[in-house]
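See below for the structure under consideration.
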Amino acid sequence: MLMSSVVMVALFTAAPAPKSQPLTWKVTGSDDVTFEMSSKDLRALRGGKEVFGLLSRKKGFLEDLKPDPEETRDMSDWEAYHSFKVLSVVGPWASYEESSSGYTGGAHPYAHSGYVTWDVTKEHGAFNLLDVFPEKDVLQALKADSFVKEHIDDAKAFNDAKTVAGLMEILKPGEDCVGFNSSGLDNVKRSVAFHHVEGDKVAVRIAFAYDNESCRGNMFVVGVLLPIPEALKPALERARTRQEGFLMKDARSAKAPSLSFEWEGADAKKP
């Protein structure tokens with residue numbers, strides 16, 4: 001028997017499949033902190049209000065590039081690019097790689113890449129690795145790293161260093177121009193991502209910036225293994241098993257988002 005025309009019309013006019021919903025999870029032990037992750041964004045909400053987001057930063061990016069009404073220079077060759085790549089989410093800590101580059105006047109273009117870890121429960125995202133792990137463990141792990149050892153200028157001072165700040169001060173930039181003694185301490189504190197769990201230790205990636213403008217755009221990643229503090233074990237386990245968040249080694253399979261904003265000076269002249 002032929003299918004009735006009514007049934008055939010119904011088949012052809014059926015509603016399209018709904019778009020995939022963002023992945024959401026509530027952070028255990030937090031005060032109503034929920035993460036929401038899609039292919040285009042990572043957000044954190046508290047009481048339904050966004051306290052962290054990447055896509056929402058586009059407005060500020062464009063505002064910063066808005067030309068001064070009194071600007072008389074030719075901006076047609078100016079350009080700016082900003083990108084984010086989510087690396088890991090552990091408890092309330094979102095880690096991502098942030099890159100910016102372009103030319104907005106001056107002697108040369110600019111370029112910078114680094115890691116950022118943001119604590120969504122704190123104002124301005126304040127995070128400090130040295131508040132999470134004992135400094136002696138971080139110092140020992142850095143001293144054991146082969147890349148760090150390549151930048152020893154004074155072996156005795158290296159061995160005698162008792163703090164991370166002291167270690168950064170005595171490391172030389174080397175031919176690769178690593179910014180250990182220009183911004184190294186800040187990088188150790190905040191430019192990190194959690195890569196994987198190895199027994200009772202967690203692999204942490206620390207991104208160091210370049211030492212001076214002649215090396216602009218370079219980024220150097222050091223990997224260290226740190227003993228896991230008892231207080232951190234539950235959140236790391238939930239991230240490792242992807243119940244809440246994920247670790248850097250699983251970012252791709254977790255479909256962690258990457259996004260970018262672009263601007264061209266010619267746009268400023270458009271009506």
Should Leu45 and Glu36 count as side-chain neighbours, where that means a heavy-atom distance under 4.5 Å?
yes

Between Trp25 and Arg43, is there a cation-pi geometry (under 6.0 Å to ring centre, at most 45° from the normal)?
no

Please report whether the ring centroid of Phe261 lies less than 6.0 Å from that of Tyr81.
no

Taking all non-hydrogen atoms of both residues, which atom of Asp74 and which atom of Trp78 are closest, and how far apart?
O-NE1, 3.7 Å

Just by distance, no angles: are the side chains of Arg46 and Ser30 close enough, under 3.5 Å, to form a donor-acceptor pair?
no

Flag the pair Val197 / Arg240 as yes when at least one side-chain heavy-atom distance between them is below 4.5 Å, and no otherwise.
yes

Below 6.0 angstrom between ring centroids: does that apply to Trp93 and Phe194?
yes

Here the gap from Glu79 atom CD to Leu65 atom CG, rounded to the nearest 0.5 Å, amounts to 11.0 Å

Quick one: does Asn159's side chain have a donor or acceptor within less than 3.5 Å of a partner on Ala155's backbone?
yes

Test item: Val192 and Thr117 side chains (from C-beta on) under 4.5 Å apart, heavy atoms:
yes

Using a cut-off of 6.0 Å, state whether more than 12 heavy atoms not belonging to Lys26 lie near its atom NZ.
yes

Do Val89 and Leu247 pass the side chain to side chain contact (heavy atoms under 4.5 Å, CB included) test, and can you show the C-alpha distance, the side-chain angles, and the key distance before you say yes or no?
CA-CA 7 Å; Val89 183; Leu247 298 178; over 6 Å; no

Taking a hydrophobic cluster as the set of Ile, Leu, Val, Met, Phe, Trp and Tyr residues connected by side-chain heavy atoms closer than 4.5 Å, whether directly or through intermediates, do Val188 and Trp118 fall within one such cluster?
no

Tell me whether Leu259 shares a hydrophobic cluster with Val116, the cluster being built from Ile, Leu, Val, Met, Phe, Trp, Tyr side chains joined at under 4.5 Å.
yes

From CA spacing to verdict: salt bridge (charged side-chain N to carboxylate O under 4.0 Å, His left out), Lys149, Asp145
CA-CA 6 Å; Lys149 288 179 178 179; Asp145 182 76; over 6 Å; no

Rounded to the nearest 0.5 Å, what separates atom CG in Leu54 from atom OG in Ser258?
10.0 Å

Is it the case that one hydrophobic cluster holds both Phe133 and Leu225, taking links as side-chain heavy atoms less than 4.5 Å apart, direct or via other members?
no

For Val138, which of Leu167, Thr163, Val224, Val164 qualifies under side chain to side chain contact (heavy atoms under 4.5 Å, CB included)?
Val164

Can you tell if the side chain of Glu213 reaches within under 4.5 Å of the side chain of His108, non-hydrogen atoms only?
yes

Please give me the minimum heavy-atom distance between Val86 and Ala256, naming the atom from each residue.
O-CB, 3.6 Å

Working note: Leu55 + Phe84, criterion side chain to side chain contact (heavy atoms under 4.5 Å, CB included); need CA distance, chi angles, decisive distance, verdict.
CA-CA 9 Å; Leu55 190 58; Phe84 302 95; over 6 Å; no

Check: Ser88 and Ser95 side chains under 4.5 Å, non-hydrogen atoms
yes

Between Asp176 and His151, do the side chains contain a donor N or O and an acceptor N or O under 3.5 Å apart?
yes

Which pair of non-hydrogen atoms, one from Asn187 and one from Gly179, has the smallest distance, and what is that distance?
OD1-O, 4.4 Å

Donor-acceptor contact below 3.5 Å, side chain Ser38 vs main chain Asp41
yes

If you look only at distance, which donor and acceptor atoms sit under 3.5 Å apart when one is on a side chain in residues 120-131 and the other is two or more places apart or in another chain?
residue	atom	partner	partner atom	Å
Thr121	OG1	Asp119	OD1	2.6
Asn128	OD1	Leu130	N	2.9

Residue among Phe158, Phe208, Phe220, Tyr210 satisfying ring-ring contact (aromatic ring centres under 6.0 Å, His included) with Phe180:
Phe208

Are Tyr96 and Phe61 connected into the same hydrophobic cluster when the rule is that any two of I, L, V, M, F, W, Y join if their side-chain heavy atoms are below 4.5 Å apart?
yes

Report yes or no: does Lys85 contribute a side-chain atom to a donor-acceptor pair with the main-chain N or O of Ser99 at less than 3.5 Å?
no

Crowded around Glu150 CD? As in, over 12 foreign heavy atoms under 6.0 Å?
yes

Give me the atom names and distance for the closest heavy-atom approach of Ile228 to Lys233.
CG2-CG, 3.5 Å

Asp64 side, atom CG; Arg57 side, atom CZ - distance, nearest 0.5 Å
12.5 Å

For Lys201, is the NZ atom crowded, meaning more than 12 foreign heavy atoms sit under 6.0 Å from it?
no

Do Ser100 and His112 come close enough that some side-chain heavy atom pair is under 4.5 Å?
yes

Closest approach of Leu226 and Val204, non-hydrogen atoms and distance?
CD1-CG2, 4.0 Å

With clusters defined by side-chain heavy atoms of hydrophobic residues (ILVMFWY) lying less than 4.5 Å apart, directly or transitively, does Ile152 cluster with Ile206?
yes

Could you verify whether a donor N or O on one side chain and an acceptor N or O on the other, from Thr34 and Thr24, lie under 3.5 Å apart?
no

Under the side chain to side chain contact (heavy atoms under 4.5 Å, CB included) test, residues paired with Lys255 that sit two or more places apart:
none

pair Lys58-Leu62: side-chain heavy atoms closer than 4.5 Å
yes

To the closest 0.5 Å, what do you measure between SG (Cys177) and CG (Asn218)?
7.0 Å

Mind listing the closest non-hydrogen atom pair of Leu42 and Ala94 along with its distance?
CD2-CB, 4.0 Å

Glu98 and His82: side chain donor to acceptor below 3.5 Å
yes

Mark yes when over 12 heavy atoms from residues, nucleotides or ligands other than Asp31 sit less than 6.0 Å from its CG; otherwise mark no.
no

Indicate whether the side chain of Ser260 and that of Ser83 have a donor and an acceptor atom separated by less than 3.5 Å.
no

May I have the step-by-step check of side chain to side chain donor-acceptor pair (under 3.5 Å) for Ser253 and Arg242, ending in yes or no?
CA-CA 10 Å; Ser253 57; Arg242 288 166 58 178; 3.0 Å; yes

Atom pair CD/CG of Glu135 and Leu142 - distance to nearest 0.5 Å
10.0 Å

Worked verdict on Val202 versus His196 for side chain to side chain contact (heavy atoms under 4.5 Å, CB included):
CA-CA 6 Å; Val202 58; His196 68 274; over 6 Å; no

Donor-acceptor check, side chain of Asp153 to backbone of Ile170, threshold 3.5 angstrom: yes or no?
no

Between Glu244 and Arg238, is the salt bridge (charged side-chain N to carboxylate O under 4.0 Å, His left out) condition met? List the steps.
CA-CA 5 Å; Glu244 295 176 21; Arg238 288 190 290 269; 3.4 Å; yes

Is there a side-chain contact between Arg190 and Tyr115 in this structure, where contact means two heavy atoms from C-beta onward sitting under 4.5 Å apart?
no

